[in-house]
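Below: one structure, written as structure tokens.
Just so it is clear, the values below take in all heavy atoms, side chains as well, and ignore hydrogens, waters and symmetry mates. None of these values were measured; they are calculated from a predicted model. Positions are given from 1, in the same order as the sequence printed here.
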Amino acid sequence: MKEFKVSPLNQDQKLIRYLEKILKNAGSGFLYKMLRKKNITLNGKKASGNETLQAGDMVKIFFSDETFAKMSGMPEDVGADNLYSINIGPSKDRLQAGEIKERPENNKSEGSRKVQPIFPRAPFQIQVLYEDDDLLAVNKPSGLLSQKSDRGQASMNEYLIRYCLDQGEMTEADLQTFRPSVVNRLDRNTSGILLFGKTMRGLHLGSELVKSHEGQKTYHCIVTGDSNRFKENTLVKGWLLKDPKKNMVRYSAHELDKGLYMEEEVRLLKKRGPYSLLEVLLHTGRSHQIRSSLSALGCPIVNDRKYGGVSINYNTGQLLHACGLTLPNGVRIHCPDPDIFSELTGEERK
């Protein structure tokens with residue numbers, strides 16, 4: 001028999017979803033059958049699987065050790081260093097969670113294969129902008145993925161999971177049933193506020209905030225072109241049509257067939273020479289919304305080559321920065337602009 005005490009990280013989720021994370025190799029049909037036969041119980045009672053878990057609930061699984069190991073895919077005793085490591089390099093074999101892979105030491109037969117932690121520590125100081133029991137907001141540097149696109153590439157998501165482990169916010173055992181995650185994905189070359197759900201409640205709060213028109217999501221960007229049209233707060237409306245092959249979207253002030261409606265407010269904050277600092281308040285959050293709309297309106301973002309922005313000799317991506325966000329609890333998060341913004345448009349704003 002295995003017994004699991006539901007942690008605050010996992011509350012507010014359905015029992016069946018919790019079980020699917022513990023017994024990842026078991027199908028939902030099998031789990032419902034085990035619930036009906038009381039081979040799995042909740043707080044000592046028969047359960048349907050649709051119950052909403054609360055912190056402190058006890059889940060008991062009456063399987064043999066062999067059956068549990070097969071259904072969970074997890075050895076009983078796995079150290080933290082081994083549990084969260086992957087094998088990368090020429091080998092195509094994936095190292096499943098829980099598999100132990102010895103780190104090769106001076107073993108030339110291993111070739112260029114390396115064992116690296118799935119959740120490595122960030123090679124830079126993580127700048128925390130806000131943190132509570134459920135949510136974490138940090139400043140994502142430009143040039144870094146919010147979430148990795150392949151297993152051999154670290155991202156802010158992995159760095160923040162490691163941060164939570166190091167801070168004692170969760171344990172390795174917690175990660176068997178709950179995986180914290182980034183909730184607002186910024187483009188690789190966009191910097192600024194990245195929101196991270198540390199608990200199931202945090203994921204729900206963050207997801208709803210991102211999907212809604214609330215939160216006063218504000219961006220700053222450096223553009224070229226005639227920005228005088230934005231001297232007064234200007235409402236920009238239009239439609240965006242995505243070209244998946246080019247990973248670009250086309251903006252039109254007129255309705256487009258299969259296009260998505262977008263809306264934002266744009267205001268000129270500062271101008272010096274060819275460069276202007278704009279503030280954009282989002283009312284919708286479409287992919288590449290700011291980049292495509294400003295380019296179509298004659299003010300492409302600097303270093304945004306995809307949308308016609310001029311390139312400058314600076315080691316950064318497009319000069320677009322998520323600088324403001326209001327959380328559901330009313331807290332307003334501010335993220336300072338990168339130094340290059342003030343370098344191009346004058347002294348730093350207060």
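- To the nearest 0.5 Å, the span separating NZ on K271 from CD1 on I222 amounts to 12.5 Å.
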### Message
Run R201 and D133 through salt bridge (charged side-chain N to carboxylate O under 4.0 Å, His left out) and show every step you take.
### Response
CA-CA 9 Å; R201 182 173 183 271; D133 291 341; over 6 Å; no

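- Between the OG1 atom in T345 and the NE2 atom in H220 there is a gap of 10.0 Å [rounded to 0.5 Å].
- Applying the side chain to side chain donor-acceptor pair (under 3.5 Å) test to residues at least two apart or on different chains, the pairs with a partner in residues 9-23 are S7-N10, N10-Q13, N10-T177, Q13-K21, K14-T52, R17-E20.
- Under a cut-off of 6.0 angstrom, the local environment of CD in Q54 is crowded, with over 12 non-hydrogen atoms contributed by other residues, nucleotides or ligands.
- For the atom pair L194 CG and K140 NZ, the distance stands at 7.5 Å (nearest 0.5 Å).
- In the hydrophobic clustering of ILVMFWY residues, with side-chain heavy atoms under 4.5 Å counting as a link, I22 and F62 come out apart.
- Note on V128: it clusters hydrophobically with V183, by side-chain heavy-atom contacts below 4.5 Å among ILVMFWY residues.
- Distance check: S48 OG to R36 CZ gives 11.0 Å after rounding to the nearest 0.5 Å.
- Linking ILVMFWY residues whenever their side-chain heavy atoms come closer than 4.5 Å, directly or via other members, places I118 and Y163 in the same cluster.
- Salt bridge status for D132 with K198: absent, with no side-chain N to carboxylate O gap under 4.0 Å.
- Around CD of E3, the count of heavy atoms belonging to other residues, nucleotides or ligands within 6.0 Å exceeds 12.
- A distance of 14.0 Å separates CZ in R267 from NZ in K231, rounded to the nearest 0.5 Å.
- Here the CD atom belonging to E279 is positioned 8.5 Å from the CG atom belonging to N233, to the nearest 0.5 angstrom.
- Ion pair D166/R121 flagged as a salt bridge, since at least one NZ, NE, NH1 or NH2 atom sits closer than 4.0 Å to an Asp/Glu carboxylate oxygen.
- Looking at T284, its side chain does come within 3.5 Å of a backbone N or O of E263 through a donor-acceptor pair.
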